[in-house]
Amino acid sequence: MITPESTVTINGSGKDIDLLKYTWKAQWITHPTESTLDYGVFLFRHVFNLESLVETFNLFVSADNRYRLYVNGESVCYGPSIGDLGHQRYETIDVADKLKVGENVIAAEVVNFGEYRSVSQVTHQTAFILQADRTLNFDINTGTADWKVVKNKAFSPLNITSDMMNGYYAAGPCDKVDASAYPWGWNTISFNDKNWLSPKSATTEFAVGRGFIYGGAWHLIPRTIPFMEEKIEQFNNVARVSGMEKDEAFINNCGSTIIPANSKVKILIDQTYHTTGFPELIYSKGKGSELKITYAEALFKDVSSNESVSDGNLIHVDLKGNRNNIEGKSILGYYDILLPDGGENRFFKPLSRRTYRFVELEIETKSEALILNNYHGVFTGYPFIEKAKFKTTDTSLEKIWKASWRTLRNSADEMYYDSYYENLQYIGDTKIASLISVYVSGDDRLMRKAIQQFDDSRTSEGLTQSRYPSNIVQIIPPFSLIWVDMIYDFFMYRNDPEFLRQFIPGIKSVIDWFSIRVDETGMVTNLKWWNFTDWTIDFPSGIPQGADDGYSANISLQFVKTLENAIAVLSYFNLNHEVKTYQTLSNRIKKAVLEKCFDSNKGLISETPDKEAFSQHTNILGVLTNTFEDSEQAVIMKKVLEDKTLFQATIYFKFYLFRALQKSGMGYKYLDLLGSWRGMIDNGMTTYGETDINPRSECHAWSASPNFDFIHLVAGIYPAEHSYKSVIIEPNLGKLDKLEVEFPHPQGMIKVLYVKAKDKIEAQVLLPYRVNGEFKWKGKSVKLVGGKQNISLR
């Protein structure tokens with residue numbers, strides 16, 4: 001079990017400067033004869049003698065593409081923290097407590113998925129590097145010390161395709177393991193490695209940190225986030241068995257389950273909730289058997305193989321029904337295959353994470369029975385700590401909060417991502433996920449990393465890629481705008497101008513790309529790439545009308561929203577020329593949208609100047625950008641909610657719907673608009689999907705927005721100015737008569753207790769020392785100061 005905090009800036013002097021400004025003493029190494037470009041699992045080990053124990057034994061380690069490091073047979077970390085070749089993360093790990101006097105072994109399993117790799121894998125070739133802190137005066141460095149390597153030929157890839165998954169799949173292969181070819185005990189001191197080979201250098205260049213005077217295949221930079229949390233999760237129950245009597249001993253940690261010889265058995269396990277990580281199976285005997293392990297977020301109704309059920313990310317029919325009902329359903333998902341060798345206490349842990357609620361073991365034995373000794377999950381994810389609290393007498397809201405937080409936890413490890421189908425970090429998802437992280441945990445490190453990585457992804461024409469890291473370039477221009485919005489979010493919630501300053505060129509490059517596409521009409525036109533905005537069925541492929549072949553009020557107003565956010569950030573840095581230019585452009589676009597797309601009969605902005613189509617989305621943006629005057633915004637939002645002829649926002653864009661309600665003074669309606677989230681819970685889901693109707697992905701961080709909304713909108717806690725220097729507390733309690741909330745402000749916890757009766761509200765407010773603010777309620781205002789205060793308003 002690994003739960004360490006981040007230690008990312010250590011060498012002998014307590015700084016990483018030597019690792020960034022000079023060549024490393026260690027070298028990148030790889031296998032001397034096997035292909036280093038194709039799929040392969042490679043094992044490295046080095047045995048050394050320690051005459052006395054040391055207090056600190058720091059190692060700096062990285063690999064292309066994934067590694068798991070062992071000391072004396074014990075797993076100590078895995079990585080590297082995902083990046084690209086220009087930003088190759090290395091981990092810093094102190095292994096002093098794992099060492100002993102005498103012989104020790106450091107070993108690493110390094111995996112390159114080759115042509116089968118996840119789209120998020122950015123790779124050069126299979127390689128490994130490890131360097132000891134130079135103050136140890138101890139040469140165990142790769143490239144100089146006596147390391148050994150072998151290819152683990154027990155592993156071969158199982159290529160998982162989109163056709164197999166009923167929708168877009170990009171998360172890489174699964175594992176086929178022939179136990180008879182596995183070098184059992186390879187990472188322990190007693191293993192005989194005399195037949196292993198000496199590795200060769202993986203490059204003709206030196207190993208270098210990013211920013212060194214000359215380059216290398218990998219530019220090393222320190223890890224900036226903690227190691228992932230890893231904790232054992234016992235499986236909850238065996239839901240269905242065929243081919244033998246039900247026996248749950250192997251999942252209950254109370255004994256073994258025997259699969260008889262010459263039998264075919266299926267065991268369906270229901271975890272009862274959605275989870276993710278690296279399940280571990282210990283098994284014995286069963287020579288000649290085959291064990292297939294299938295993982296799925298939900299079971300599927302039996303449908304004709306000829307029936308068209310999916311179009312990319314959209315599912316056309318209800319394939320899943322209530323997730324708690326397994327009758328008439330089968331498992332469909334990615335899978336691993338094990339071929340037991342008849343040995344005792346064999347161990348299987350997937351090379352990459354698996355995401356599931358249901359797991360099915362499909363077993364065919366030969367002449368020897370197979371013994372399942374123990375099977376459990378190992379939840380793995382970013383170590384967010386739930387610091388915020390939301391307590392009320394409405395228990396249904398607490399269920400929504402819990403499911404939202406599980407959605408976020410299962411969508412975050414070394415990046416924010418869809419953990420089942422894609423394993424990719426998208427900007428649109430990440431903006432919402434990062435705000436949830438800040439509001440519930442107070443931890444902004446993964447948000448920082450994401451903002452930096454999207455900046456790293458920018459192409460020569462100025463836009464960010466829509467998702468990153470990625471080995472396939474995909475560009476969604478509105479997501480580049482949202483990246484700038486993320487920078488604004490950080491500006492409002494954190495006080496770190498030097499972190500923000502580095503993104504000024506990127507902000508300007510994104511805005512320049514859109515600015516040159518504003519023509520004489522004052523609207524954005526001549527767009528290319530994928531202008532995705534929402535998965536509503538009324539936007540073809542998620543693209544608003546006019547975005548590709550004319551003029552889109554929606555895209556124009558998305559640009560305005562980002563211009564306004566950029567103005568706030570650049571004003572702080574006194575970039576007055578850009579601020580003036582952007583303000584003039586923003587005003588021009590808003591005026592053009594109203595002149596060309598506002599329909600006086602409907603009282604709303606249409607999608608295009610032909611005024612034939614109208615959406616919630618565009619009019620929400622009209623409110624958020626103040627294209628509509630303040631006095632009009634409540635009327636507009638009333639129409640947005642009530643006019644069912646409008647294209648309806650899906651669960652993703654409802655995040656912006658709720659921002660517009662809050663801005664227009666209609667936040668009190670929020671708690672009545674949670675039908676999408678309540679419906680998923682009623683349908684047996686324990687996390688929230690990519691869409692609220694027939695979701696493909698059962699866990700998508702953009703749907704976890706209630707965690708943010710409950711604090712920001714319902715409790716009404718949000719920044720009054722940049723850096724969260726002061727706070728506004730403006731509750732929207734709706735029908736709630738009592739609410740208790742805690743929120744991790746950067747200066748300490750904010751605690752609020754509300755009690756409402758008819759038109760009266762009483763509040764106990766505790767602010768951190770030196771944090772001031774304002775309490776607002778129905779047009780009335782009370783100043784807040786650091787410390788505890790009681791408020792009573794009618």
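In plain terms, the two heavy atoms of L463 and W529 that are nearest each other are CD1-CD1, 4.2 Å. Contact between S515 and L585 at its shortest, heavy atoms only, is OG-CD2, 3.4 Å. For the residue pair T608 and Q545, the shortest heavy atom distance occurs at CG2-O, 3.3 Å.
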Indicate every side-chain donor-acceptor pair of residues 593-603 with a distance under 3.5 Å to a residue at least two apart or in another chain.
from: K596; atom 1: NZ; to: T521; atom 2: O; distance (Å): 3.4
from: D599; atom 1: OD1; to: N601; atom 2: N; distance (Å): 3.0
from: D599; atom 1: OD1; to: K602; atom 2: N; distance (Å): 2.8
from: K602; atom 1: NZ; to: D643; atom 2: OD2; distance (Å): 3.1
from: K602; atom 1: NZ; to: T645; atom 2: OG1; distance (Å): 3.3

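F653 and H617 have tilted rings, their planes meeting at an angle from 30° to 60° on a 0 to 90° scale. Taking the six-membered ring for Trp and thresholds of 30 and 60 degrees, W530 and W535 have ring planes inclined between 30 and 60 degrees apart. Between F532 and Y652, the angle of the ring planes stays under 30°, which puts this pair in the parallel group of the 30/60° scheme.
Within a 6.0 Å radius of NZ in K402, no more than 12 heavy atoms belonging to other residues, nucleotides or ligands are found. Counted within 6.0 Å of NZ on K580, heavy atoms from surrounding residues, nucleotides or ligands total 12 or fewer; the atom is thus considered open. Residue-environment remark: OH (Y488) stays at or below the threshold of 12 foreign heavy atoms within 6.0 Å. K669 NZ: 12 or fewer foreign heavy atoms inside a 6.0 Å radius. When the shell of 6.0 Å around CG of D672 is examined, it contains more than 12 heavy atoms from other residues, nucleotides or ligands.
Less than 6.0 angstrom separates the ring centroid of Y439 from the ring centroid of H712. Within the 6.0 Å centre-distance limit, the rings of F708 and F655 are counted as a close aromatic pair.
Applying the salt bridge (charged side-chain N to carboxylate O under 4.0 Å, His left out) test to pairs two or more places apart or on separate chains, those with a residue in residues 527-550 are E461-K528.
At a threshold of 4.5 Å between non-hydrogen side-chain atoms, the residues I511 and F559 count as touching.
Judged purely by atom type and a 3.5 angstrom limit, Q616 uses its side chain to pair as donor or acceptor with the backbone of A649.
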